Each structure stands twice: as C-alpha cells, then as structure tokens.
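Whatever order the structure lists them in is the order used to number ligands and atoms, beginning at 1. Worth saying up front: this structure is predicted, and the values here are computed from it rather than measured.
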Amino acid sequence: MDPRARPFRSVLYIPGSKDRALEKARGLPVDAIIFDLEDAVAVEEKPAARTLLAETLTAGGYGGRFKIVRVNGFDTPWGRDDVAAIAGAGADAVLLPKVETTAQLDDLAAAIPDVPLWAMMETPKGILNAAALAAHPRLEGFVMGTNDLAKELGCRFRPDRLALMGSLTHCLLAARAHGIVAVDGVYNAFKDEAGLQAECDQGRDLGFDGKTLIHPAQVAIANAAFAPTESEIDLARRQIAAFEEAERAGQGVAVVDGRIVENLHIVTARETLAKAAAIAELEAV
Ligand SMILES: CC(C)(COP(=O)(O)OP(=O)(O)OC[C@H]1O[C@@H](n2cnc3c(N)ncnc32)[C@H](O)[C@@H]1OP(=O)(O)O)[C@@H](O)C(=O)NCCC(=O)NCCSC(=O)C[C@H](O)C(=O)O
Ligand SMILES: [Mg+2]
C-alpha cells in the first residue's frame, strides 16, 4: 500500500512515560501519534515507560490514528529491549532516531520483521545519506528532527529556518523520489500560535505531508495547514472537468482561471481530491 495514501497532517509526540497524556490522545483529532521512548523519557523512567507503552498499545482505543513508536537507538542500552517490548503490541510503524546508515535500518528490520520502519532525519550524516535511506525496502517515512539537527549544525533558530532549509529540501527530494512520507520537525514554542502557523505554512509550501507536534494545542493549526483548502478542492474539480471536456474535443490542454491545465496538473488535482477524501474518511472514524 502507498504509505502516503493516508493523512499525516498532525503527528503528535507523546512521552511513553506519561499515562495521562497517553489517555488524552485517545480523544485528540490527530492523524498520527509518535509514542516516544527516546528523548522525551528520562533515563530512570525508560524501563517503566516501555512496559506502560506496550500495555497501552495492546489495550488500544486509538481509533484510526496511525501509531508510531519511537524506540531508542540500538547503540543505547534500551533500543533492542524497546523493540522486543512493542513487537506484537499493534504499532503501525517503528521510528528509529538519529538514523545515518542503511545498516542501522537492516538491524531494526531484522529485529521487528512485520512492522514498517520510519527514520528520524536529524544528523548531518543521516541527511547526506537521505537518498539511500529512503530507498530502503522497509522504510515508509521520514520525520525531520530539527532540534537535534540544529544542535549538530551549530546553527541559530530563525523564523525562516534558513540554516535548516538545505536539509529539509534534501530529505523531501529523497522522500519523493522513493514514495515515502515526509513529516516536518516540531515547533518548540507550543504557546505561540502565530509562529506555529507560519512554520506549518512553510512546511506545506515546501511539500511536507504534515508536522510533528508536542502539545494538543498545536493540533488544529497543523490539521488545517496541511489539508487541501476549499479553494484548492474547487479548483481541482474545475480543472478535471475542463480537462475532460478538452479531451472530448480532441485537445490536450484546457484553460482554467486564465492558466493552462495539462495532464500533469490533473495528476495533482486528483491527488488533492484523494487527500481530501482520505481526511474525511479518517475524521469519520
Ligand atoms: C511540552 C509539555 C511538557 C507541556 O506539558 P504540560 O505543561 O503538562 O501541558 P499542559 O498542562 O498544557 O497540558 C494540558 C493537557 O494536555 C495533555 N498533554 C500535554 N502534552 C501532551 C501530548 N504531547 N500528548 C497528549 N497529551 C498531552 C496534558 O496531559 C494535559 O492533559 P489533562 O491534564 O488531561 O488536561 C508536554 O506537552 C510534553 O511533554 N510534550 C511532549 C514533549 C515531547 O514529546 N518531546 C519529545 C519530542 S520532540 C523531539 O524530540 C523532536 C526531535 O527528535 C528533534 O530532534 O527535533
Ligand atoms: Mg531528536
């Protein structure tokens, strides 16, 4: 199945140690959840978080939300135990942090044979290897780790994310070349709605499927920013109708709102309608 066939507008991190947040997420209108065992969980809490998360996933109750578990790296004392604990618990994907090589993905793939893999893109080596990682046969999604990446680059956070732009677009190119999902990084100032809106709009303009989030207050903004707008849906319908009319008249080009519409625009128009339909289907669950 095409991993991009379902929506990933809002992808909420939940620390695997926080039972209240794990419970709350069962009612949040998010497209996907990253149940985190890595950086959001303190070292002393890791074994208990792993057990709590395995029990929580097994209990279910997350409806149509896509369930991703971020395990610790296999170069830590916890990574392999994390994978063993969540295997068979019903996760839709397992997310490996700080991925740099396809050998790391091979290692994870061998440890959990039946679950799709996702990769955190957040180190310079990982970003440089994005094309090879995206081509891995088990990989279905990239998540940008913009905090770790900024740390590694030694760059400053700016509203326009200038220092990160090369990495963001490089990973998007790799993801699109290999048909996998690409989700943008988090916006840390979770009470700053205007800042989040601007960063979501930028991520959407770049081509990301959605945004990773850290707080429920961020969900509505991401859901709106990464959904097709009413005017985009209306335009898509009119482009398809006009193009089909042109084809019936033996022509390969139509004109809508003063702009040419060719077959390639119809591909985009159909994708827009398919995305709107997938969102409606998910929201009906
Ligand atoms: C940022 C927070 C620490 C804020 O927590 P808190 O002060 O408790 O928030 P609120 O009191 O406003 O919470 C209100 C209610 O919402 C629930 N809640 C809060 N956060 C979440 C969440 N993420 N998911 C689900 N529910 C959540 C609270 O439980 C309250 O519920 P109730 O009491 O019933 O009203 C906190 O939001 C938080 O811990 N966020 C997640 C942080 C996280 O996961 N960080 C790691 C991922 S970021 C990262 O690592 C990216 C990447 O790797 C990189 O390098 O960039
Ligand atoms: Mg990180």
inquiry  = Under the criterion salt bridge (Lys or Arg N to Asp or Glu O under 4.0 Å), I'd like the reasoning laid out for Asp209 against Arg4: C-alpha separation, chi angles, the key distance, then a yes or no.
reply    = CA-CA 8 Å; Asp209 294 297; Arg4 296 188 65 218; 2.9 Å; yes
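- The minimum heavy-atom distance linking Ala135 with His178 is given by the pair CB-CE1, 3.5 Å.
- Of all protein N/O/S atoms, those under 2.8 Å from the Mg ion (ligand 2) are Glu122 OE1, Asp148 OD2, and waters are not counted.
- Side-chain N/O atoms of Glu232 and Thr272 include no donor and acceptor closer than 3.5 Å.
- Phe190 and His215 have parallel rings, their planes meeting at less than 30° on a 0 to 90° scale where 60° marks the start of perpendicular.
- Around CZ of Arg248, the count of heavy atoms belonging to other residues, nucleotides or ligands within 6.0 Å exceeds 12.
- Residues Leu168 and Thr146 have side chains in contact (heavy-atom distance under 4.5 Å, counting atoms from C-beta outward).
- Residue Glu262 places its CD atom among more than 12 non-hydrogen atoms of other residues, nucleotides or ligands, all under 6.0 Å distant.
- More than 12 heavy-atom neighbours from other residues, nucleotides or ligands sit within 6.0 angstrom of CD on Glu247.
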I'd like a table of the close N/O pairs between ligand 1 and the protein (anything under 3.5 Å), one pair per line with both atom names and the distance.
unit_1   : atom_1 : unit_2 : atom_2 : d
ligand 1 : 9 (O)  : His215 : NE2    : 3.4
ligand 1 : 12 (O) : His215 : NE2    : 2.7
ligand 1 : 23 (N) : Tyr13  : O      : 2.8
ligand 1 : 23 (N) : Ile214 : O      : 2.9
ligand 1 : 33 (O) : Arg20  : NE     : 2.5
ligand 1 : 33 (O) : Arg20  : NH2    : 3.2
ligand 1 : 34 (O) : Arg20  : NE     : 3.2
ligand 1 : 34 (O) : Arg20  : NH2    : 3.3
ligand 1 : 37 (O) : Ile214 : O      : 3.2
ligand 1 : 39 (O) : Lys18  : NZ     : 3.0
ligand 1 : 40 (N) : Ile214 : O      : 2.7
ligand 1 : 50 (O) : Arg70  : NH2    : 3.1
ligand 1 : 53 (O) : Arg70  : NH1    : 2.8
ligand 1 : 53 (O) : Glu122 : OE1    : 3.2
ligand 1 : 55 (O) : Glu122 : OE1    : 3.1
ligand 1 : 55 (O) : Asp148 : N      : 2.9
ligand 1 : 55 (O) : Asp148 : OD2    : 3.1
ligand 1 : 56 (O) : Thr146 : N      : 3.3
ligand 1 : 56 (O) : Asn147 : N      : 2.8
ligand 1 : 56 (O) : Asn147 : ND2    : 3.2

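- In this structure, Arg50 and Ala85 approach most closely via the heavy-atom pair CG-CB, 3.4 Å.
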